[in-house]
Amino acid sequence: MQKPIMAVTGDETATTGDMPTYQIRAPTTALPQGVMMAASPGSLHSPQQLAEEATRKRELRLMKNREAAKECRRRKKEYVKCLESRVAVLEVQNKKLIEELETLKDICSPKTD
DNA sequence: TAAACTCCACGTCACTTGGC
DNA sequence: GCCAAGTGACGTGGAGTTTA
């Protein structure tokens, strides 16, 4: 079954402009520990060698994706935390403005008795 | 106290995106 | 067009909590 296509990237900066994006692609130069570079395809001969190479490539891909997923979750958590603290600040600010408005209304409204 | 439930972190897959 | 990186969705397992 085909999954629905995702349009959301998690980059809220485009709409708000004041929050840090959590989708940042950092170039990776170093391989994870214990990972060897692949032999050149030209040096592979037997079907067994090809199968081993395919397995090795898959494991490398999974390992990289595992790390990428961890990092992605870490950034997302940070981003959500950041949004939550912003909400808290804005709620306080909003409350203060409402109180100020009520005070001004009291001052400006004509007394009727 | 065992079963049911909830929450969280993780691994994997499928897909998108950007750089070359 | 290919490849690597990023990420949403999904399934799973472990730890903590609630309930009968």
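Just so it is clear: chains get the letters A, B, ... in the order the sequence lines come, proteins before strands, and each one is counted from 1.
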For [N], does OP1 or OP2 lie under 4.0 Å from any side-chain N or O of [X]?
{"X": "A:Arg66", "N": "B:dT12", "value": "yes"}
{"X": "A:Lys64", "N": "C:dG6", "value": "no"}
{"X": "A:Arg74", "N": "B:dA9", "value": "no"}
{"X": "A:Lys77", "N": "B:dC8", "value": "no"}

Checklist entry - Is A:Arg61 touching bases, backbone alone, or none of the nucleic acid, heavy atoms closer than 4.0 Å? => result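 No contact.
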Please report, rounded to the nearest Å, how far the [atom2] atom of [N] is from the [atom1] atom of [X].
{"X": "A:Leu62", "N": "B:dC13", "atom1": "CG", "atom2": "C1'", "value": "9 Å"}
{"X": "A:Arg58", "N": "B:dC13", "atom1": "CZ", "atom2": "C1'", "value": "9 Å"}
{"X": "A:Lys70", "N": "B:dT12", "atom1": "NZ", "atom2": "P", "value": "10 Å"}
{"X": "A:Lys76", "N": "B:dC8", "atom1": "NZ", "atom2": "C1'", "value": "14 Å"}
{"X": "A:Glu67", "N": "C:dA4", "atom1": "CD", "atom2": "C1'", "value": "15 Å"}
{"X": "A:Asn65", "N": "B:dT16", "atom1": "CG", "atom2": "P", "value": "16 Å"}
{"X": "A:Lys57", "N": "C:dC2", "atom1": "NZ", "atom2": "C1'", "value": "12 Å"}
{"X": "A:Arg75", "N": "C:dT7", "atom1": "CZ", "atom2": "C1'", "value": "9 Å"}

Checklist entry - Sequence neighbours excluded, which residues qualify as salt bridge (Lys or Arg N to Asp or Glu O under 4.0 Å) partners of A:Lys70? => result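 With sequence neighbours excluded, A:Lys70 shows a salt bridge (Lys or Arg N to Asp or Glu O under 4.0 Å) to A:Glu67, given in chain and number order.
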Next on the checklist: Checking A:Glu59 now: which residues fulfil salt bridge (Lys or Arg N to Asp or Glu O under 4.0 Å) with it, not counting sequence neighbours?
Outcome noted: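 Per chain and number, A:Glu59 pairs via salt bridge (Lys or Arg N to Asp or Glu O under 4.0 Å) with no residue.
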Checklist entry - Axis-to-axis angle across the helix from B:dT1-C:dA20 to B:dC20-C:dG1, five pairs an end, to 10 degrees? => result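 It works out to 10° between the end axes.
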Checklist entry - Where do A:Thr103 and A:Ile107 land on the side chain to side chain contact (heavy atoms under 4.5 Å, CB included) test, with the steps shown first? => result CA-CA 6 Å; A:Thr103 306; A:Ile107 292 169; 4.2 Å; yes
Next on the checklist: Tell me which pairs pass salt bridge (charged side-chain N to carboxylate O under 4.0 Å, His left out) where either residue lies in residues 87-104 of chain A, with sequence neighbours left out.
Outcome noted: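 As it turns out, the salt bridge (charged side-chain N to carboxylate O under 4.0 Å, His left out) pairs with a partner in residues 87-104 of chain A, which skip direct neighbours, are A:Glu102-A:Lys105.
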Item to check | Distance-only donor-acceptor test (3.5 Å): side chain A:Arg73, base B:dG11 | outcome: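 Yes, a donor-acceptor pair under 3.5 Å.
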Next on the checklist: Which residues pass the side chain to side chain contact (heavy atoms under 4.5 Å, CB included) test with A:Arg61, not counting sequence neighbours?
Outcome noted: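 Scan of A:Arg61 (side chain to side chain contact (heavy atoms under 4.5 Å, CB included), adjacent residues dropped) gives A:Arg58.
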Next on the checklist: Which residues pass the side chain to side chain contact (heavy atoms under 4.5 Å, CB included) test with A:Arg73, not counting sequence neighbours?
Outcome noted: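 Scan of A:Arg73 (side chain to side chain contact (heavy atoms under 4.5 Å, CB included), adjacent residues dropped) gives A:Ala69.
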Next on the checklist: Let's go through A:Glu78 and A:Lys81 carefully: what are the C-alpha distance in whole Å and the side-chain angles of both, what is the deciding distance for side chain to side chain contact (heavy atoms under 4.5 Å, CB included) to 0.1 Å, and is it a yes or a no?
Outcome noted: CA-CA 5 Å; A:Glu78 206 174 297; A:Lys81 227 194 230 175; 5.6 Å; no
